[in-house]
There are 2 protein chains.
Amino acid sequence: MKLGDTSRAQPVTGVETLRWRDDALEMIDQRVLPMKTAFLRYDSAEGVADAIRSMVVRGAPAIGCAAAYGIALAALALSRQPRGAFLEGLEAAFRILAASRPTAVNLSWALDRQRRVLDSLGAAAAPAALTRALLTEAHVILAEDIEANRAMGGYGAALVPDQARILTHCNAGALATAGHGTALGVIRSAIEAGRRVTVFADETRPFLQGARLTAWELMQDGIPVTLIADSAAGLLLSRGEIDLIIVGADRVAANGDVANKIGTYPLAVMAQRHGIPFYVACPLSTIDLTLRHGGLIPIEERGPDEVTGFGGQRWAPQGVAVCNPAFDVTPAGLISALITERGVVPRPDRQKLRAIAG
Amino acid sequence: MKLGDTSRAQPVTGVETLRWRDDALEMIDQRVLPMKTAFLRYDSAEGVADAIRSMVVRGAPAIGCAAAYGIALAALALSRQPRGAFLEGLEAAFRILAASRPTAVNLSWALDRQRRVLDSLGAAAAPAALTRALLTEAHVILAEDIEANRAMGGYGAALVPDQARILTHCNAGALATAGHGTALGVIRSAIEAGRRVTVFADETRPFLQGARLTAWELMQDGIPVTLIADSAAGLLLSRGEIDLIIVGADRVAANGDVANKIGTYPLAVMAQRHGIPFYVACPLSTIDLTLRHGGLIPIEERGPDEVTGFGGQRWAPQGVAVCNPAFDVTPAGLISALITERGVVPRPDRQKLRAIAG
């Protein structure tokens with residue numbers, strides 16, 4: 001079975017995070033970038049869930065896209081089954097994908113979109129028609145993500161002064177999305193608008209998204225980037241060498257509290273201390289109005305091996321205890337503005353978020 | 001030539017950072033701990049300067065001890081020369097050692113002690129007598145460092161409540177000193193005084209002193225230690241999981257500003273935000289009354305390779321720009337107390353520092 005128009009599934013930058021090819025989802029392996037540029041091919045929901053869990057693909061919007069394709073892949077594999085078995089198999093796929101990572105809400109948001117496709121076609125629809133609709137929805141989600149990033153970039157670019165020295169954390173770039181990026185999308189759009197910028201990339205231990213992914217994707221685009229250890233941000237700020245901080249988000253609570261990669265919260269505190277803006281770029285799919293505040297956002301605790309070494313090399317003593325939370329929560333009060341595809345939300349609060357995302 | 005009583009040169013814990021053996025300085029290679037426990041042997045000032053520069057030995061007090069032995073080694077090598085050549089050679093050793101690292105003031109402090117030995121014996125003294133005196137002074141500096149750490153531990157232990165969950169950064173332990181440690185010395189003394197503690201060790205990128213050295217030396221002593229990424233401290237603090245922070249220092253300015261390992265300053269800011277004490281344990285040799293404030297402390301910028309990978313493994317893209325400052329400055333106003341061998345200095349300021357170290 002050959003389904004779907006892949007033309008809209010192409011990211012707009014040179015970096016391809018996910019692509020649909022020959023009835024399978026191909027994803028660049030973000031565990032080995034930039035040492036190796038390898039695409040892995042997935043033809044099952046289980047495979048995609050594994051890829052999300054092991055961080056072959058990461059970044060809240062990219063995880064959402066992958067999960068949507070995961071449902072489409074399950075449907076494809078089940079599409080010759082009778083409708084009862086088809087729907088039952090799909091439920092299993094929903095469960096497996098939903099459980100793959102807890103913090104980024106885009107995952108359940110994308111699964112909800114797929115569920116609405118099922119619901120709208122109704123129980124009477126044939127598996128083949130449902131499959132076609134689920135795959136189309138995955139393509140739409142991916143295309144909309146790029147459009148959202150472009151729109152965010154347009155709004156956010158206005159916040160970036162010429163000659164800005166911008167600090168970013170983790171990777172909220174093309175590699176975290178379907179293309180263009182959220183935080184890095186704002187930077188790309190600012191450059192397209194003629195602003196000259198310098199980016200400082202925190203290396204972002206333990207998974208090194210900054211050192212490996214942000215540095216690499218900015219260099220691919222010829223954007224000036226300087227790599228620093230996470231703990232060097234404070235010194236640069238104290239020397240007046242950073243003009244603004246911009247990051248992405250994994251989940252925004254109804255009051256504007258933001259869960260993002262571990263280490264984001266201290267950066268927001270330091271930005272406030274040094275009187276520079278702290279921006280969060282995120283699509284509306286990242287906003288979770290069902291959680292009243294950030295303290296309710298589930299914080300994933302990952303395994304010890306990420307901290308005791310990297311890529312097969314170990315440097316911590318055998319048997320050492322490790323605490324490896326993958327995200328922290330930045331209180332809304334520290335956030336100068338959220339940048340969304342519907343506009344900039346300065347000093348986000350409950351009322352403003354309900355107005356823009358309700 | 002066989003010189004010096006080595007009995008007082010033994011550290012008081014199981015960890016031996018530096019030791020004098022058979023007319024040479026042996027130092028544990030801190031670049032490869034804990035993967036390998038290897039002692040390197042040095043018989044020249046140039047070798048010791050190299051070891052300081054490449055961080056075979058690190059930690060302000062340990063660097064001071066190493067530099068003092070570096071002068072003794074230069075003297076030993078020159079001791080059969082005529083006095084003019086001897087003194088000229090020694091001057092070269094002073095210069096080479098003084099230039100090896102810029103931030104830790106203990107280096108120049110130890111060299112000043114050796115210079116005073118030369119001055120006190122006078123120009124008429126024979127090279128052999130001067131050599132003997134310089135080696136004795138190195139042994140004394142090492143022994144005094146251990147004594148100072150013990151005294152600091154005694155004073156600092158009173159600040160550690162039972163069941164304290166203590167965060168530390170970098171390694172201010174036996175490995176950073178002649179033995180016992182400064183910040184970790186306070187923890188050791190608190191345990192000796194019956195306090196139960198849990199230590200959280202920041203991994204301390206880029207050189208990973210926390211992951212490799214602090215974790216290892218605490219585990220050697222059976223002290224409970226949990227390793228975290230540097231950027232995880234904020235989340236732990238926000239959850240109320242840390243009761244106090246204690247670190248060492250590389251240089252304290254006359255007004256109480258503290259230069260210490262990069263990443264210390266943000267921790268102090270976070271401690272203030274979360275209302276927990278932030279302590280700095282340092283011997284008086286770390287206090288530099290000649291610098292009015294921390295902005296005057298030279299901040300070493302180290303090479304890019306420390307950030308682009310670790311131990312021969314590279315993960316950042318080839319050609320990426322790197323900014324790698326090794327220290328930052330914590331303003332005195334963020335410091336709950338300095339812990340010295342003469343007592344605790346709460347809320348350090350110019351007057352209190354002059355009183356204790358003047």
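This is a predicted model, so every value here is computed, not measured.
Comparing A/L237, A/V329, A/I228 by heavy-atom pairs within less than 4.5 Å of chain B, the highest count is held by A/I228. The candidate from B/L227, B/V322, B/L213 with the greatest count of non-hydrogen atom pairs under 4.5 Å with chain A is B/L227. Listed options A/R212, A/K261, A/E306, A/H169 were ranked by heavy-atom pairs under 4.5 angstrom with chain B; first place goes to A/R212. Between chain B and the residues A/D202, A/L218, A/L33, A/L208, the largest count of heavy-atom pairs under 4.5 Å involves A/L208. The most heavy-atom pairs under 4.5 Å with chain B, out of A/T226, A/D230, A/I299, come from A/T226. The candidate with the highest count of non-hydrogen atom pairs below 4.5 Å against chain B, out of A/V32, A/N324, A/T264, A/L235, is A/L235. The residue among A/T308, A/V269, A/L267 with the most heavy atom pairs within less than 4.5 Å of chain B is A/V269. Most heavy-atom pairs under 4.5 Å with chain A, from the set B/A201, B/G319, B/C323: that is B/C323.
Looking at B/P304, neither its backbone nor its side chain comes within 4.5 Å of chain A, counting heavy atoms on both sides. With a 4.5 Å cut-off on non-hydrogen atoms, A/E203 touches chain B through its side chain but not through its backbone. For a residue to count as touching a neighbouring chain, one of its non-hydrogen atoms must lie under 4.5 Å from one of that chain's; by this rule A/F310 touches chain B with backbone and side chain alike. Neither the backbone nor the side chain of A/P224 comes within contact range of chain B; no heavy atom of the residue lies under 4.5 Å from a heavy atom of that chain. Residue contact with chain B, scored on non-hydrogen atoms closer than 4.5 Å, involves the side chain of A/R239 exclusively. If you measure heavy-atom distances from A/Q272 to chain B, the contacts under 4.5 Å come from the side chain alone.
Counting heavy atoms from C-beta on, the side chains of A/P266 and B/P266 never come closer than 4.5 Å.
Considering all non-hydrogen atoms of both residues, B/L236 and A/P325 come closest at CD1-CG, 4.5 Å. The two residues A/Y265 and B/S238 come nearest to each other via the heavy atoms CE2-CB, 3.8 Å. Here the closest heavy-atom approach between residue B/R314 and residue A/M35 is recorded as O-CG, 3.7 Å. The heavy-atom pair separating A/A215 from B/V320 by the smallest distance is CB-CG2, 4.0 Å. Between A/I262 and B/A232 the shortest heavy-atom distance is CG1-CA, 3.5 Å. Residues A/A229 and B/P206 approach most closely at CB-CD, 4.4 Å, considering heavy atoms.
Around CZ of A/R292, the count of heavy atoms belonging to other residues, nucleotides or ligands within 6.0 Å does not exceed 12.
Summarising the geometry, atom CD belonging to A/Q313 is positioned 5.0 Å from atom CD belonging to B/Q313; distances are rounded to the nearest 0.5 Å.
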